[in-house]
Amino acid sequence: MPTVETIGLTKRYHEKAALRNISIKIEHEDFFAIVGPSGSGKTTLLRLLDLLDEPSEGKILFDGVEAAGSEKDKLALRRRIGVVFQQSAMFNASVYDNVAYPLRIRGVKTNQAQRVSESLDIVRLSGLERRKATTLSGGEMQRVSLAQALVSEPELLLLDEPTANLDPKNATIIEEIVSRVNRERKMTVVMATHNMLQVENLASKVAVLREGELAEVGSMEEIFNKPSDFLVSFAKLQNVYSGHAQTLGQGLASVDLGQNVRIEAATQKSGNIMIFIRPEEIIVSTGPVQSSARNMLKGKVTEVLDLNRQVQLRVDAGKEFTAIITRRSFEEMAINLGSEVYLTFKASAVHVV
């Protein structure tokens, strides 16, 4: 295990369908992302894959065998699965006891201390074995939850928004860990998320859910090379462009976006690529800025949108760019429609998909 496959999977709660006719196939060693807005059915799908809930219709297959046997058979399958939910739930006990719990319920006694120690080392919490788990920070508790999921050495790891509401440090640690266990331990990972940067950085395949239905499924390239209007809308992807990249060395590439617009990106890819730049990562100024940023474009403001504490600008710089700045910056620079501005952004702000 796995391959994991769902065929016509449907789940209803009191006649209301949370999922409808979901058919996906997750291969061994995939890093499979399930994306979609809140209420689209991501958590429901993970609960079905973890065999916590029963489908109303359809099938779930693990290595071609339907997961619809006895409770004993389902329990045997569940013991091959690790899961981390959005909210970590800790026992009022030591970190060691929390991480060891999955081993104890499986009756694993051999090398228990060593496996707990190794799992805590993976999540960078070595030395906290005797601390009471409930006294840890939210980010640390989520890393304990991840250690719990990994200690039994699962073949399939399910993650439900594992970094939601975490500080950047803990979020980055968790992203690095799940990426590493996928690569090095050949562990199949399925992660529900609305964070498109996580999808870009981690996933090999993507399923997009919309109101309980499968809107799109495919490789990263297939989904993002021509992002659908729905994906662009819910993921708030802006400044999405196709272009032709030529490597420059030292981890940089020059990307020709057409219309005499050329930018540099932190990538080693070459040929036809798709990129996006988050509006918040573009610095707007009324004059050239001295910085280490590799990209500076000159253009004119064509649209101003009031976002209360922020202002969204649309700027024609050969290609149309969207940038978001604070209201204070907007007022201090006295920007109006037709104002000439400079757009500055780092090569690392150019995200290649």
Side-chain angles (χ1 to χ4, degrees), residues 1-28 30-71 73-75 77-78 80-87 89 149 154-164 178 188-196 198-199 202-220 222-224 227-236:
M1 191 179 87
T3 303
V4 181
E5 186 174 6
T6 71
I7 301 174
L9 203 62
T10 296
K11 180 62 180 178
R12 298 188 187 88
Y13 295 102
H14 306 294
E15 302 305 316
K16 182 179 179 180
L19 284 178
R20 290 183 292 275
N21 196 32
I22 304 297
S23 296
I24 57 175
K25 191 170 185 178
I26 303 163
E27 301 286 355
H28 178 55
D30 274 350
F31 197 120
F32 195 98
I34 302 169
V35 302
S38 297
S40 60
K42 301 188 297 295
T43 297
T44 299
L45 180 53
L46 284 188
R47 288 182 62 85
L48 290 170
L49 293 178
D50 192 37
L51 307 180
L52 286 170
D53 286 345
E54 294 275 352
S56 303
E57 296 173 18
K59 299 178 181 179
I60 302 172
L61 307 178
F62 292 97
D63 278 341
V65 179
E66 186 176 354
S70 66
E71 289 302 315
D73 291 338
K74 289 180 183 178
L75 181 60
L77 276 174
R78 289 202 70 226
R80 299 163 68 187
I81 301 170
V83 60
V84 179
F85 291 110
Q86 182 174 337
Q87 298 294 333
E155 298 164 62
L156 173 64
L157 179 63
L158 304 177
L159 306 166
D160 187 10
E161 301 276 10
T163 62
V178 296
T188 305
V189 178
V190 180
M191 179 175 68
T193 182
H194 64 271
N195 185 329
M196 300 311 295
Q198 280 185 338
V199 176
L202 301 174
S204 55
K205 294 182 182 176
V206 185
V208 182
L209 294 182
R210 175 175 56 193
E211 296 180 354
E213 296 183 346
L214 188 62
E216 305 171 70
V217 63
S219 68
M220 277 285 297
E222 290 169 336
I223 297 299
F224 282 93
S228 65
D229 291 342
F230 172 69
L231 181 61
V232 169
S233 173
F234 99 78
K236 297 182 180 178

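Only heavy atoms go into these numbers, but all of them, side chains included; no hydrogens, no water, no symmetry mates.
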Side-chain heavy atoms of Ser56 within contact of Lys11, under 4.5 Å:
yes

Would you sort out whether Leu45 and Leu19 count as a side-chain contact (heavy atoms from CB on, under 4.5 Å), showing the intermediate values?
CA-CA 7 Å; Leu45 180 53; Leu19 284 178; 3.8 Å; yes

Taking all atoms of both residues into account, what is the closest heavy-atom pair of Lys74 and Leu51, and its distance?
O-CD1, 3.9 Å

Criterion side-chain contact (heavy atoms from CB on, under 4.5 Å) on Leu209 and Ile22, from CA distance to verdict:
CA-CA 9 Å; Leu209 294 182; Ile22 304 297; 4.0 Å; yes

Correct closest heavy-atom pair for Ser23 and Gly8 would be OG-N, 2.9 Å

Can you tell if the side chain of Val83 reaches within under 4.5 Å of the side chain of Leu46, non-hydrogen atoms only?
no

Testing Val199, Ile34, Thr163 for side-chain contact (heavy atoms from CB on, under 4.5 Å) with Thr193, which one passes?
Val199

State the CD1-OG1 distance between Ile26 and Thr6, to the nearest 0.5 angstrom.
7.0 Å

Of the non-hydrogen atoms in Gly82 and Pro154, which two are nearest, and what is the gap between them?
N-CB, 3.4 Å

Lys/Arg N to Asp/Glu carboxylate O, Arg12 vs Glu57, below 4.0 Å
yes

For residues Leu214 and Val208, determine if any side-chain heavy atom of one lies less than 4.5 Å from a side-chain heavy atom of the other.
no

Just how far is it from atom CG of Leu9 to atom CD1 of Ile24, taken to the nearest 0.5 Å?
8.0 Å

Between Phe31 and Val178, is a side-chain contact (heavy atoms from CB on, under 4.5 Å) present by the stated rule, with each step listed?
CA-CA 9 Å; Phe31 197 120; Val178 296; 4.1 Å; yes

Side-chain heavy atoms of Glu213 within contact of Asn21, under 4.5 Å:
no

Separation of Lys59 NZ from Glu66 CD (nearest 0.5 Å):
5.0 Å

d(Leu159 CG, Gln198 CD) to nearest 0.5 Å is 9.5 Å

Any donor-acceptor N/O pair, Ser204 side chain to Asp30 backbone, under 3.5 Å:
no

Heavy atoms only: give me the nearest Phe32-Lys25 pair and the separation to one decimal.
CE1-O, 4.0 Å

Heavy atoms only: give me the nearest Leu48-Ile60 pair and the separation to one decimal.
O-CD1, 3.2 Å

Residue pair Thr3 / His28: nearest heavy atoms and the distance that separates them:
OG1-N, 4.2 Å

Which side-chain hydrogen bond (donor to acceptor under 3.5 Å, both in side chains) pairs, counting each pair once, include a residue from residues 34-47, with sequence neighbours left out?
Thr43-Asp160, Arg47-Asp53

How long is the span from the CZ atom in Arg210 to the CD atom in Glu216, to the nearest 0.5 Å?
8.0 Å

Is the shortest side-chain heavy-atom distance between Thr188 and Val4 below 4.5 Å?
no

Those residues that, when tested against Glu211, pass side chain to side chain donor-acceptor pair (under 3.5 Å) (two or more places apart):
none

Decide side-chain contact (heavy atoms from CB on, under 4.5 Å) for Leu52 and Arg78; before the verdict, give the C-alpha distance in whole Å, the side-chain angles of both, and the deciding distance to 0.1 Å.
CA-CA 9 Å; Leu52 286 170; Arg78 289 202 70 226; 3.3 Å; yes

